[in-house]
Structures are given as structure tokens and as C-alpha cells.
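Convention: sequence-line order gives letters A, B, ...; per-chain numbering from 1. FYI, side chains are in, hydrogens and waters are out, and symmetry mates aren't considered; it's all heavy atoms of this structure.
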Amino acid sequence: MALASIGPAPFPALSLPFPFRRRGGMSGRPPRPRMPEMPMEKTFDAKTAEPAVSAAWEAAGAFRAGANARPGAEAFSILLPPPNVTGSLHMGHAFNHTLMDILARWHRMRGDDVLWQPGLDHAGIATQMVVERELAREGNLSRREMGREAFVAKVWEWKEKSGGTILEQSRRLGDSFDLSRNRFTMDEGFHDAVLRVFVDFYRRGLIYRGKRLVNWDPHFETAISDLEVEQVEEKGHLWRLRYRLEGGETYRHPVAFDAEGRATGWEERDYLVVATTRPETMLGDTGVAVHPEDERYRHLVGRTVRLPLVGRSIPIVADAHADPEKGTGAVKITPAHDFNDWEVGQRQGLRAINVMDTRARIALEGNADFWEGADASEALAGLDGLDRYEARDAILTLAEEEGWLDGTDAETHVVPHGDRSKVAIEPFLTDQWYVDAATLARPALAAVRDGRTRILPERDEKTYFHWLENIEPWCISRQLWWGHQIPVWYDEDGAPYCAMTEAEARAQAGGKALTRDPDVLDTWFSSGIWPLGTLGWPEETPELERYYPTSTLVTGFDIIFFWVARMMMMQLALTGEVPFREVYIHALVRDEKGKKMSKSLGNILDPIELIDRYGADAVRFTLTAMAAMGRDLKLSEERIAGYRNFGTKLWNAARFAEMNDCQPDPGFDPEAVTLTANRWIVGETGRLRETLDAALAAYRFNDAANALYAHVWGKVCDWYVELAKPLFAGAGAAETRATMAWVLDQCLILMHPVMPFITEALWGEIAERGKLLCHADWPGYGAELVDPAADAEMNWIIGLIEDIRSVRAQLHVPAGARVPLVELELAPAQAEALERNRPLVERLARIERFERAEAPPRGAITLAREGGTFCLPLAGVIDVAAERERLARALDKLGKEAAGLRGKLANAAFLARAPEDVVDEQRARLEAAEAEIEVLKAAAARLADLERGA
RNA sequence: GGGCGAUUAGCUCAGCUGGUAGAGCGCCUCGCUUACACCGAGGAUGCCGGCGGUUCGAGUCCGUCAUCGCCCA
């Protein structure tokens, strides 16, 4: 022991200074003897220690791919979901990163070849938005004014300047990713890989161009994919418009009904009433649909109506899309501005007339499609150029004036909105590029179905299947400037040439003049190849060979579709191999009331602020402890404070060890210790390692955190440290000191993945070490360290101490008073146990002396324990009434338990059908309960005597 | 409308394969016993949402209803 106490360090000094270490190393001086005048502080100072620990890790290159890998190690690779360049660390990242970091550190300590790959996403629309806003604030030219090239240059400039702060912030959390391998989705190599995928998919027919309705974002003036659309419920109106029948047609329309719903009154009409939530789109109407079985309108199918305002003659068609129950049962059809209407139009052969521009303003001038069959009018001219909502009002006003507004009803309905712009999406007819997602989905489904990739929790596997089974073509072109420009060139006739470079495209075109498609790719198209792209694909790099497929993907449920499913599809299409073997999907971090954290609600907890206040370890431990699989976590600051206290507890246990000269002994053999308490805590440590590994292997992070907490606080601090105090004064002092040092070292090692900073700091604080803690060997011991005899003995002793304390407290024995303990009956095993551990009981239960007696002294309190009966002679000291109550409470509880057990054991079916060991267990419990009842009854009787006598 | 999930101590939640209901915080009573007051000792608190079923045995499995939440349309 006491190895470091004199002379030079037992290990060659580390090449890395520990600025947080006060002894040795710090100022370049050789290690000095212990300096009792400089004890550890009472609390861990996270603010100063964390940067120092980070610096030590970095100086050592501790997180480089393969660091600390043993020869022939298995690879463990994990990808950081690349945050947006514009991003900053929020609680969701903190949670996500903490879980990944735990896995990475755990595997690294186990000697696996760990690669944790970090990087950033260019995040097309989000970044373009941020930079545009910046430009406006600084009074610069707008995007359009400066032009594409200059704008993109600005974005790059901005990215260099302020992008990637999130990775800096991640270091505060302790993220152990390999920053030397940092990648960006717009890096040159990555860009080439993205284009290659496009070209490859194009050639294989997996990417195609199509003219169809897309979700158009009028704010950003770009197409977006289905996933980027949010359905928002809104209060709106249903307007009824009258479209006049052509050719002087009239019909009888039912207007009065009897109780059974039969028509009893009719009126003669020369018009059809259509109901709509979007009157402004009527300019593009090319039909009216009624349900084929709707008796009210059946006879009108095939006739035409005249579109008000426009004068276009449009047919009445029979289509099941028209719901007789909704509105008037007749619905206007605008194929160019509504997804359902588009379908109807396709089925019924109706024209699609686009009446808006890219900003969702009415666009009639020069609109040949529109004017075909329409009558020019002043009213129409007045609508041209109006915003869609202004146009709505104008049209309604005209309808009222002209008498074709039939009526208005209030209605709530669901309106699609852009998830970034928050404006209503306009279904818009354009040419876009699509990925044939259905084809790509098949292998992605198969890979999860046959277990090549496992998705946890299972529930999310279902979500994944459901989405892929019903997948729609993926629109990947965006009318933005920031992103990977689509590698397609067109000749004068509009024929496309897809190639990696313009030169190649020109060669394909036979030298014709070409212009490049101005659009860029959906951000998710490039992040979709994150696994391959970061490892150097399409080159056959050693990293690709070593780390692909990656081991685990840890990510939130909100990007299962956006990212996880698409990575599966794309990687499989490119290599035939899955991108990851396991996917762990975690839930959302919410505020303490369960609300989603959002800027507008102002309920954001900023992880950096919390780290400043409580330290990164506390934040990490909290997130880990709350990470029950698949459940959202409600984060409260109190909880974080609680786990900060936990760190302090560990710190003080180490401080206690230091004050008592417990130095790690490299030759310590945990199996060789002899004292019961030492054998017991060694066994507990063995159990912890097994529990912890099992929990981490199963992604049961909360189980891991709770096991650590229960061990460190509940076992080591509450009991072992207290037990060690008397032992330090006795014959086993040396063994106990060594065991204490070992136990604490094991705590540091096992806690390190979750609380890396405080453990690394303590590791350096306690002794000179050959290695950083983050590279310490993960132990392989387990339950073989458990000595059942020592375990049973210690638990019996602990139970006895607890009983005595409980009695003392309940009977208001002054906390400082020492009392005698009288042994009445004691089985041989228990007698030996007590004999061996007398000093522990004496100190922890505040016993004055041990006595033996045949019968309980008058006025004594009786304690019944398995294998022994004790008394505390407290006559005169105790509160008799309180004791009566205590006994009554105890007897009541035991009585209930015994009754339950008796009932069970009297049940013939139970005896016949339950497994033998269960039956035996119940019998043993009944016996124990009955024995205790006897003892307590006797005690109650004596107490009654005492009360009568007194 | 379709799918998924939740309902357990005052609060926030664990409870994996059915076999004595747990944790943290909060609360109450004591306590500066030299590791720790970011602490220690002790204590109180549960028709495990309702109903029905399977089982020797159900918080745990099945059905159903209610309430809440999320995703998709």
C-alpha cells in the first residue's frame, strides 16, 4: 500500500500533465510526498476541472479511432447524427450524445477498436434561411440581389466563421468522438460521393424526373418532401358557391325532409352548389365531381356548368372522391392546386390549370392554360398578382355581389404547412426529380425483417415497416442555392444528360451547348449516405473495410423516416450491405411539465447553462437515469441537482480514502481478502459489473445508471465507508485500506462512461497512473467475487444495525446516547457472525457494551432477528407508549403477511401446481414470520406487565 | 379515420421473461457521530385508471371501457 506516499511514483510519470492534480505533474516538479496540509476540497469543482480533463484527453489523442484498442480488437463504430452547421447544442443533442458517448467510452475501455465519427450537415433550407436572415440584419444585398455565386460564397464564409460551434459545445458534454476525422456533407470528397450516388441511381432508373403536384413552399419558393410538411388544424370556413348549369338546364333539388330523411320538398334550380375551403382556387377549376350514387346529382353527370368569373365551361363528373355527406355533395375540382383533385383529374381526364406563381400569387397574365376557354374581364384583371388570401377575399366579395355565393359555414380543417417556413403549403404543378423509393424500400424492409439490422425498441420497428410499406416517391430536388447542385445538364431541346462533370455530360451530348439544372438536392439525400460517405466511399478505404457496417446508430424517433430509413435504403442500394447492425431509437426530452421544449414556449433548458451550473457529469447522469427505453423524459432541474450531489458523494468517498491513506495497490487481489466486510464489498462490486454490462449491452441506460447509483451511494458510501472506520482501527486495517482503494478505483472505472469528468479527475487525484481513466481496462470479474457466506453474514449484520437504529429512533433514544445490547438467544452461526463483527455493530448502532442474559431484563425492548433475539435495556429511557405502538404496528404487518401466506399454503391447487421452490419459499417465509410474531408478542406482554407494575 | 403508447406513493418515473410493490425529489421526526449539510439516522404515504377473463398466483398476459399523449391520413 502507500506506494505513492514516499519517493517517486510507482509508474513512469504520464506524459500528460493534469492541471487539476495538485500533487506531482502539475508544475513539472517530481511527485512529492503526501501533503496533509493540502487535503482535497469538499466538493468537486467542475468548472475548473472539466476544461483540464478535456485538455488532457485531447493532448493524449484519447479518442482517435482505434485508441486503446487491444491487438486484434473488434471494431465498434458509431456515427454522430450530423447536426446542422447552423445548430447549437440543445437538450435533445445532449441526450443523444450522452448515450452515444457512454457506448463509445464503454467499448473503448473494453479494448474495442472504437470509431465515433463526428461531422456536420450543410442543412440546405435551414442554413440558407439563417444566412439570409443574417444578411438582412447586416443590411447587405439580399440573396436575389447578389446572385447565386456570391450568395453561396457568403454561406461558405459564414460556415467557416460560425459553423460548427455545436461540436465545440459537444466537448463540454464530454463527447469522445474523433474530431480529427470530422466531416461535412459539403466536403469535396463527400460532395463527389453524393454526385456519384445520383449518377448511379439515375443510370439504374432509380431517379427520374416527373411533372406532378408537389408540396410547394411559397415562402422559400421550393418544393419540399412529404416529410417536411406538417398538418396543422385550423379554424376556417366552408363556402358554398353556385355554378350555373349550361344549356338552360334545370332540376329539382330536395330542400325539405321528413324524420326518416326522405325528401318532402323540392325547389327548381338552374345551378349546382359546390362547397370549398379554398375559393381562390376556383380560377383553376376544370370540373365538378359528384358521387356516382348520389341521387341528388346523378342525372347531371355529363352536363356542364359555367365557371363564374372565368366563363370556362367545365364538366360534371361522377367520382367517388365526392363525399355525399360532406358540404353539398358536389365538389369543385382544381387538379393543379389540390392533391385529391389531381387524382380525380387524372381519373376523369380533366385539365390541370396552374393559376399561381411561385409565391402563391394569382398569375393570369400570359397564362395560356388559363385563358384557353376563359373570358377576359375587368374582374379577372383585378385579381391578377394578388396574394392567394387577398384573392380569396376578392373572389368572395365578387361572388356576393354577383349573387353566386350560396352561403358560409364555419369549419375546422387540416392545412398543410412547411415545417421550416410555417406557411401554408401550396400544391403546385412543377417538374421535379424523384427517387423511386418503393424499389429502394424492399431491401430496407428485408434487412430488418431478417435481422441483419435490429431496431430497438420494437415499437419503432413497426413504425419503420409501416412507413416503408406505404412509401411514396421521394422528391429530392429543391429550388435552393445552398446544397449539392444536381449533376444534370440539358441541351437546347431540354434533353437531360446526367454525369459527374459538365465535360462528361457534354461528351454524352455530342458537344451540344448545355445548361446545368439549377436545383440542389434535398439535404437528406446527402446525409442519407453519411455511413459510406464519412468512411471514404467510393474509395475502398481501410476505414470502410474496418468500420462498415457500423455497429450502432443512436438517434431520436423524429428522424426515423427522414434519416434512418433513407440510410438503410441508400446504403443497401449502393453496397448491398446494411449501414448498421443495431439502431437504438430514443425518445424526446421534454420540460418538466411534459411540454416539448421550444423557443416560442420559452421552456428551453440550455444544456450548456446547466453544465455551467451543475457540471457535465450531473447533466449526463440525469439524462442517462431517465433514459427508459422508448419513453419521453421530463427533465427537471432538481433532478440534475440531485445527481450533482451524487458526484459530490463519490468525491467525498475518495476524499475519505485519501484522508485514511488508502492507496491503490497494483498487486491487490480481490479474491484474497479475508474480512467479511471486505469480502462482501468485493462481491458487490463483482455483481455491479455484471449488472452494468448487461444493462449497457441491452441499451437499458436507466438500469445502468440506477445500478451505479445504488452501488456507490447505497453500498459503498452508506455502508462500506462506515464499516471501514472501525476496521481501520483493528487488525485488518491494511487489508481494509487496500480494499477501500480498490473498491473506489472500480467505482471510478465503472462510472466513467456515464460521468467521465469527475472520475477522470479523481483517477488522477488519487494516484499516479500509467494510463488515463478513459483508457483504463474494463474489468472482467463478476459474480465469482461473491462469497455467499460473507454476503449472508454482512446482510445479517447490516440488518441488525438497522433494527437497532430503527428502535432507537422510534423510541426517541437520544441520538448520541450509547446503550448496551443484550443477547438473549443466538444460533451458532449468528453468534459467530456477531463475534467477528462486534466493532462494526458497536460503532454503527452506538452500542455501549455487549451483554448476555437468559431472560429479558425488566423494561427492555426486544428485537427479533432471524437466528437471534436481542434486547435493548432501555427501562426509564424509553417512551412506553411509543414502544407499544411500535410493537402493534410490527405485529399488524407481520400478522397480515402470515395470514396471506397461510391462505396460500392452505390452497390445494397452489400446492399441486406451483413449482416446488416457490412453495418452499412461502413455507420458509411463514415460519420466519410466525417466529418473529412469537417474540414480539412476548415483548408486548412484558411491556403490558411493565405498564401495570409502573 | 388508421396506428402506436401511457394511466403505479404528493410530484417525476422504474418495475425486462407472471411468484414478498421500488427509486429520486418532496414531506415529517431526530442529528454538526471529524468523507460529505450538495450530509447522516429514522418515519409516513400505494383499491399499480375501471370492469371482465386466463392462471395455483396478475402491476406484469388477454379482452373491453374511460382519460391523456404521439405519429400517420
Side-chain angles (χ1 to χ4, degrees), chain A residues 39-44 226-227 231 339 414 416 457-460 462-463 465-467 470 557-558 560-561 587-588 590 592-596 614-615 618 622 625-660 694-695 698 700 702-703 705-706 709-710 713-714 717-718 721-722 724-725 740 744 801-802 804-818 843-846 886 889 897 900-901 903-905 907-915 917-919 921-922 925-926 929:
Chain A
M40 288 167 65
E41 297 292 326
K42 279 192 178 183
T43 55
F44 171 62
D226 299 342
L227 287 177
Q231 303 297 336
F339 287 101
V414 172
E458 254 176 72
R459 188 206 334 143
D460 292 303
K462 284 187 208 159
T463 313
F465 286 147
H466 185 258
W467 189 67
N470 298 289
F557 76 90
D558 49 336
I560 295 178
F561 307 144
L588 216 63
R590 297 171 178 278
E592 57 191 316
K593 294 192 193 79
K595 286 241 160 52
K596 202 166 165 175
Y614 300 101
T622 308
M626 298 180 82
M629 202 181 284
R631 285 273 298 234
D632 283 352
L633 43 151
K634 292 181 199 164
L635 194 62
S636 79
E637 215 171 311
E638 281 158 36
R639 192 85 184 245
I640 301 173
Y643 289 120
R644 184 266 324 269
N645 297 354
F646 176 53
T648 308
K649 191 76 181 170
L650 175 70
W651 179 265
N652 277 289
R655 183 162 170 263
F656 169 81
E658 182 187 58
M659 291 167 81
N660 286 283
R700 301 181 68 88
N702 57 323
D703 285 355
N706 291 331
Y709 192 97
W713 200 316
C717 294
D718 284 350
V721 165
E722 294 306 321
K725 287 173 186 174
M740 176 66 72
L744 286 175
I801 294 168
E802 281 175 339
I804 298 171
R805 283 175 172 173
S806 175
V807 166
R808 290 176 57 121
Q810 287 185 59
L811 302 186
H812 310 299
V813 177
R818 294 190 165 271
R843 170 144 180 165
L844 301 194
R846 314 216 109 224
R886 181 188 76 92
R889 265 202 308 270
E897 192 189 336
L901 289 165
K904 223 178 209 182
L905 288 164
N907 183 345
F910 172 70
L911 296 176
R913 305 217 179 170
D917 56 323
V918 172
V919 176
E921 199 189 316
Q922 309 296 313
R925 274 174 46 205
L926 179 59

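At B:G43, one or more side-chain N or O atoms of A:Ser806 fall inside 4.0 Å of OP1 or OP2 (strictly under the cut-off). Between B:C39 and A:Asn645, a contact under 4.0 Å exists linking OP1 or OP2 to a side-chain N or O. For A:Trp713 and B:A35, the shortest distance from a side-chain N or O to OP1 or OP2 is not below 4.0 Å. Proximity of A:Lys649 to the phosphate of B:C36: no side-chain N or O atom is located under 4.0 Å from OP1 or OP2. An OP1 or OP2 oxygen of B:A14 is reached within less than 4.0 angstrom by no side-chain nitrogen or oxygen of A:Arg700. Note on A:Lys725: a side-chain N or O is less than 4.0 Å away from OP1 or OP2 of B:A35.
Distance check on atom C1': B:U7 versus B:U64 gives 16 Å, rounded to whole Å. B:G15 and B:A9: their C1' atoms are spaced 14 Å apart (whole Å). Taking the P atom of each, B:C13 and B:U55 are spaced 36 Å apart, rounded to whole Å. Look at the C1' atom in both B:C70 and B:G26: the space between them is 30 Å, to the nearest Å. Going from the P atom of B:C16 to that of B:G5 covers 15 Å, rounded to whole Å. B:C48 and B:U60 have their C1' atoms separated by 10 Å, given to the nearest Å. Comparing the C1' positions of B:G19 and B:G10 gives an interatomic distance of 31 Å, to the nearest angstrom. Taking atom P on both nucleotides, B:G57 is separated from B:G40 by 44 Å, rounded to a whole Å.
No hydrogens or angles were tested; on distance alone, nothing pairs the side chain of A:Arg655 with the base of B:C36 as donor and acceptor under 3.5 Å.
In this structure, A:Thr43 reaches the bases: a heavy-atom distance under 4.0 Å links it to at least one base atom across the strands shown. Base engagement by A:Arg925 is indicated by at least one non-hydrogen atom pair under 4.0 Å involving a base atom.
The nucleotide whose nearest atom lies closest to any side-chain atom of A:Ala809 is, among B:G40, B:A35, B:G42, B:G42. Listed nucleotides B:G43, B:A14, B:A35 differ in distance to A:Asn702; the shortest reach to its side chain belongs to B:A14. Closest to the A:Arg846 side chain, of the nucleotides B:G43, B:A35, B:U33, is B:U33. Looking at the side chain of A:Cys717, the nearest of the listed nucleotides B:A73, B:A35, B:C72 is B:A35. Checked against B:G19, B:C70, B:G42, the side chain of A:Phe557 finds its nearest nucleotide in B:C70.
Protein atom CG of A:Leu844 is 14 Å distant from nucleotide atom P of B:G40, rounded to whole Å. Protein atom OH of A:Tyr709 is 14 Å distant from nucleotide atom C1' of B:A14, rounded to whole Å. Atom CD1 of A:Ile801 is separated from atom C1' of B:U33 by 14 Å (rounded to the nearest Å). Rounded to whole Å, the distance from NZ on A:Lys462 to P on B:C4 is 6 Å. Atom-to-atom, CZ of A:Phe465 to C1' of B:G3 comes out at 15 Å; the value is rounded to the nearest Å. Per the geometry, CZ belonging to A:Phe646 stands 13 Å off C1' belonging to B:A23, to the nearest Å. When the C1' atom of B:U34 is taken as reference, atom CD of A:Glu722 falls 12 Å away, rounded to whole Å. One atom, CG of A:Leu650, and another, P of B:C39, lie 14 Å apart when rounded to the nearest Å.
Base pairing of B:C70: its partner is B:G3, meeting the Watson-Crick or G-U wobble criterion (both donor-acceptor distances under 3.5 Å). Pair check for B:C25 finds B:G10; Watson-Crick or G-U wobble, both atom distances under 3.5 Å. A 3.5 Å limit on both hydrogen-bonding distances identifies no Watson-Crick or G-U partner for B:C32. Pair check for B:C38 finds none; no Watson-Crick or G-U wobble contact set falls under 3.5 Å. The pairing partner recorded for B:C61 is B:G53, the criterion being a Watson-Crick or G-U wobble arrangement whose two distances lie under 3.5 angstrom. Taking a pair to require two hydrogen-bonding distances under 3.5 Å in either a Watson-Crick or a G-U wobble arrangement, B:A44 remains unpaired.
The 5' end of RNA chain B is approached more closely, in terms of each residue's nearest nucleotide, by A:Ala625 than by the other of A:Thr648 and A:Ala625. Position along RNA chain B of the nearest nucleotide to A:Ala815 versus A:Leu911 favours A:Ala815 as the more 5'-ward residue.
Shown here are the side-chain contact (heavy atoms from CB on, under 4.5 Å) partners of A:Asp558, two or more places apart in sequence or in another chain: there are none.
In this structure, the side chains of A:Phe561 and A:Asp226 stay at 4.5 Å or more apart for every pair of heavy atoms. Contact annotation: the side chain of A:Arg805 approaches that of A:Leu844 to within less than 4.5 Å [non-hydrogen atoms, C-beta and beyond]. Within the 4.5 Å cutoff, the side chain of A:Met740 has heavy atoms near those of the A:Val721 side chain. With contacts defined as side-chain heavy-atom distances shorter than 4.5 Å, the pair A:Phe910/A:Leu905 qualifies. Using a 4.5 Å heavy-atom cutoff, the side chains of A:Glu722 and A:Asp718 are not in contact.
Going from atom CG of A:Asn660 over to atom CZ of A:Arg655 covers 11.0 Å, rounded to the nearest 0.5 Å.
You'll find the ring centres of A:Tyr643 and A:Tyr614 outside the 6.0 Å limit.
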